[in-house]
Amino acid sequence: MRSPFDIAPDLLAWDGDVPRARRLQQELAARVCLQDAFAPLRRVAGVDVGFEEDGAVTRAAAVLLDAATMQPLAEVVARLPTRMPYIPGLLSFRELPAVLQALAQLPEVPELILVDGHGVAHPRGLGIAAHLGVVTDLPTIGVAKKILVGNHDAVGLKRGDRTPLMHRGRMIGTVLRSKDGIQPLIVSPGHRLSHATAVERVLAYGRGYKLPEPTRLADRLASRRDRRT
DNA sequence: GCGACAG
DNA sequence: ATCTTGTCGC
């Protein structure tokens, strides 16, 4: 009874060897597909990670929503002991184990997953959303609040305004104003969809907040903001 | 060599 | 990410 979230350990294992991890990222980045290729969207999921016990425990949250109404259908949490520190560029090795465990607990496999973090807008083209997409072969979108790498021109101030995020002469993402006047989001495809579709989906899943509903709900669950406020 | 650096 | 109240502004 395997699910798409039972991943071969070697595809995301952390052994303390940074150069090795970077080489693995380059190999996996070559498998990323930026062509739109997914069945009708009925179920969408949002995932995010938070920490407890002063960082000793990694807490991943996954929320399953109806793609048409954005109504949450299930919310799950997975807690695992933290195994590695935060290293810029290697975030997925630190957070994916818990994320996969959370996703495996959902009652259904989503046709699309929005991840808090970058997709291909990464030094080696493999942010956490892209890493998750490649190892599960599911469509994913990266929704980040800060830039990891790349440059861009000024962005308009109205919701929907956008400008491409460039790196080494290539577009790696979109700086998108998801709400009037607030700091823009960095949206990049993770796997099996285009830059245009990634932006289109993020806007379509927005409910008046900065973050699209899937990620916003997962964020609250992961940070335990749902019970405190 | 000197910064920058998702969460 | 996380420690944290009130406060400025639409």
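Chain A is the first sequence line, chain B the second, and so forth, proteins listed ahead of strands; every chain is numbered from 1.
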Counting any heavy atom closer than 4.0 Å, what does A:D116 reach on the DNA or RNA strands: base, sugar-phosphate only, or nothing? sugar-phosphate
Measure the distance from CG on A:D48 to C1' on C:dT2 and round it to the nearest whole Å. 13 Å
So A:I186, base contact, sugar-phosphate only, or nothing? Heavy-atom distance under 4.0 Å. nothing
For A:F51, which contact category applies under a 4.0 Å heavy-atom criterion: base, sugar-phosphate, or nothing? sugar-phosphate
State whether A:Y205 and A:R207 meet the cation-pi test: NZ (Lys) or CZ (Arg) under 6.0 Å from the six-membered ring centroid, and within 45° of the perpendicular axis. no
Do the side-chain N or O atoms of A:S223 get closer than 4.0 angstrom to the phosphate oxygens (OP1, OP2) of C:dA1? no
Salt bridge between A:E111 and A:R42, side-chain N to carboxylate O under 4.0 Å? no
Rounding to an integer number of Å, can you tell me how far A:R94 CZ sits from B:dC5 C1'? 14 Å
State whether the aromatic ring of A:Y86 stacks on the base of C:dA1, taking stacking to mean ring centres under 5.5 Å apart and ring planes under 30° to each other. no
Supply the atom-to-atom distance A:H122 NE2 to A:H167 NE2, rounded to the nearest 0.5 angstrom. 9.5 Å
Between P on B:dA4 and CG on A:L148, what's the gap in Å once rounded to a whole number? 14 Å
How close or far is atom P of C:dC10 from atom CD1 of A:I182, stated in whole angstroms? 15 Å
For atom CD of A:E95 and atom P of B:dG7, their distance in whole Å: 9 Å
Does A:D54 reach a base, just sugar-phosphate, or nothing at all? Heavy atoms under 4.0 Å. nothing
Classify A:G55 by what it touches in the nucleic acid, base, sugar-phosphate, or nothing, heavy-atom distance under 4.0 Å. nothing
What is the distance from CG of A:L126 to P of B:dC5, rounded to the nearest Å? 21 Å
Under the side-chain contact (heavy atoms from CB on, under 4.5 Å) test against A:S188, which residue among A:I172, A:V120, A:L34, A:I141 passes? A:V120
Base, sugar-phosphate alone, or nothing: which one does A:L90 contact when heavy atoms must sit under 4.0 Å apart? base
In whole Å, what is the span from the CD1 atom of A:I87 to the C1' atom of B:dC5? 12 Å
To the nearest 0.5 Å, how far apart are CG in A:L211 and CG in A:L217? 10.0 Å
Does A:G50 reach a base, just sugar-phosphate, or nothing at all? Heavy atoms under 4.0 Å. sugar-phosphate
Report the distance from atom CZ of A:F93 to atom P of C:dA1, rounded to the nearest whole Å. 21 Å
